[in-house]
Structure formats: C-alpha cells, structure tokens
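Reviewing the structure listed below.
In what follows, every heavy atom counts, from backbone to side chain, and hydrogens, waters and symmetry copies are set aside.
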Amino acid sequence: MAELLGEAEVWVAIAFVIFCGIMIWQGYGRIVAALDKRAEAIAAELDEARNLREEVQSLLADYQRKKRDAEKEAEGIITNAQEEAERASRKAETDLEAAIERRTQMAMEKIASAEAQALEDVRNTAADVAVDAARDLIASTLDDKKTQELVDTAVAELDTNLH
C-alpha cells in the first residue's frame, strides 16, 4: 500500500474524493435549500395556477349565466315584439274595416242623396212640364171673357183662402 501512496494518480483520486466530500458537505445545505426554494416556487406557481383556474371557472360560469339571461331576455323581447306586431296587425285590420265601413256608408249616403235629388229634379221637371202643358191647354181653350171671369173668381176667393 505504500507503493500506492507514491503514485500521483492515487493522490489525485484522494484529493478528488476529499474535494467532492467537502463540496457535498458544504454544498448539501445549499443544494437542499435551493431545491426547497425551487419546490416552494413550484408549489406557489401551482397554487397560483389553481387560483387562476378557479377564477377562470368562476368567470366562465358567470358569463354562461349572463349568456343564458341575455338569451332569455332576447326571447322575451322577440315574444313581446311578435305580440305587439299581432296587436298592431289586428288594430290595423280593425281600423281598415272601420274605414271601409265609413266610406261605404258615406258612398251609400251620397247615392241616396243623389237619388233623392234626381227624384226631386224629375218631379220638378214633371211639374214644370205639367204646368206648361196646362197653360198651353188653357190658353188654347179659353177666350178673353172666360179668362176675365176666372181671374175675378180667383181674386174673390183669395181673401177667403188666405185667412
């Protein structure tokens, strides 16, 4: 063994083992501390990721709820719009029917008025024709003496007819 101690390679190996031992002995605490620090950082990142995930899930649930509420509100608006359109359509139809009825009634009144006017015009024309015919007939059949007697009789009766 003494021969081995004379070899440089043995001394290098011993120095290397001692160096590694010192490094492990001195560095073990640092390595463990660094690993612990790294483990804590990873745990903190995992906690943060978990918190972010929970926050995102909460936001997702909130947005899904808001989406459902918005869809329900949109359905309500559409339903109200359809009902309002139906009411407006029924009102327009009723108003149109009333307007048609009024116009029909006005047309019937105008027709009745025109008929009454035409009937009155026909009566007036017939009366005028009858008076003209009677005048012509009387003028052709009466002489002056007979005409004077009729005028005198009419004047005499005028006083009794007026009272």
Side-chain angles (χ1 to χ4, degrees), residues 4-5 7-138 154 158 160-163:
L4 284 172
L5 289 179
E7 299 281 330
E9 289 90 13
V10 172
W11 283 109
V12 170
I14 291 172
F16 180 72
V17 169
I18 291 172
F19 176 76
C20 286
I22 291 172
M23 290 304 281
I24 290 173
W25 177 61
Q26 289 292 322
Y28 179 74
R30 289 183 190 161
I31 292 171
V32 169
L35 289 176
D36 286 343
K37 187 177 177 182
R38 178 74 176 143
E40 288 174 7
I42 290 171
E45 287 178 6
L46 286 174
D47 286 341
E48 185 179 347
R50 194 174 302 116
N51 289 338
L52 287 174
R53 180 176 175 233
E54 289 173 2
E55 185 178 331
V56 166
Q57 285 178 340
S58 173
L59 286 173
L60 177 64
D62 188 41
Y63 283 121
Q64 287 175 340
R65 182 179 43 78
K66 286 180 181 180
K67 178 185 171 192
R68 282 191 306 271
D69 293 345
E71 287 173 348
K72 286 179 184 176
E73 185 177 342
E75 288 174 5
I77 289 170
I78 289 170
T79 302
N80 287 341
Q82 288 174 340
E83 290 172 356
E84 186 63 31
E86 288 175 10
R87 278 193 296 268
S89 175
R90 285 192 301 266
K91 185 177 183 317
E93 187 176 322
T94 303
D95 291 348
L96 179 63
E97 288 175 3
I100 290 172
E101 176 103 12
R102 281 192 308 271
R103 289 189 181 224
T104 303
Q105 184 64 30
M106 287 178 8
M108 295 301 281
E109 289 172 2
K110 283 182 180 180
I111 290 170
S113 174
E115 284 177 352
Q117 183 65 39
L119 186 59
E120 186 177 329
D121 288 347
V122 167
R123 283 184 185 153
N124 288 339
T125 303
D128 289 344
V129 168
V131 167
D132 287 343
R135 185 178 320 135
D136 289 343
L137 182 62
I138 291 172
L158 188 64
T160 57
N161 286 336
L162 288 177
H163 293 299

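- Of the possible donor and acceptor atoms, none in the side chain of S89 sits under 3.5 Å from a partner among the backbone N and O of A85.
- In this structure, CG on L46 lies 11.0 Å from CG on N51, to the nearest 0.5 angstrom.
- Inspection of the D121 and Q117 side chains reveals an N or O donor paired with an N or O acceptor under 3.5 Å.
- At least one donor-acceptor pair closer than 3.5 Å links the side chain of T94 to the backbone N or O of R90.
- How far CG of L60 is from CZ of R53: 11.5 Å, rounded to the nearest 0.5 Å.
- Counting heavy atoms of neighbouring residues, nucleotides and ligands inside a 6.0 Å radius, atom CD of E48 does not exceed 12 of them.
- For the atom pair CD (E54) and CG (L59), the distance works out to 12.0 Å, reported to the nearest 0.5 Å.
- Taking OH from Y63 and CG from D69, the interatomic distance works out to 14.0 Å, rounded to the nearest 0.5 Å.
- Remark: D62 CG to Q64 CD distance equals 10.0 Å, nearest 0.5 Å.
- Between D47 and R50 there is a salt bridge, since at least one side-chain N of the basic residue sits less than 4.0 Å from a carboxylate O of the acidic one.
- A 6.0 Å sphere centred on CZ of R65 holds more than 12 heavy atoms belonging to other residues, nucleotides or ligands.
- A salt bridge links D132 with R135; the closest basic N to acidic carboxylate O contact falls under 4.0 Å.
- For CD of Q57, the number of neighbouring non-hydrogen atoms (other residues, nucleotides, ligands) closer than 6.0 Å is greater than 12.
- Atom CD of residue E84 and atom NZ of residue K91 lie 11.0 Å apart, to the nearest 0.5 angstrom.
- Other residues, nucleotides and ligands contribute only 12 or fewer heavy atoms inside 6.0 Å of the CD atom of E101.
- Sparse packing is recorded around CZ of R103, with 12 or fewer heavy atoms of other residues, nucleotides or ligands lying under 6.0 Å away.
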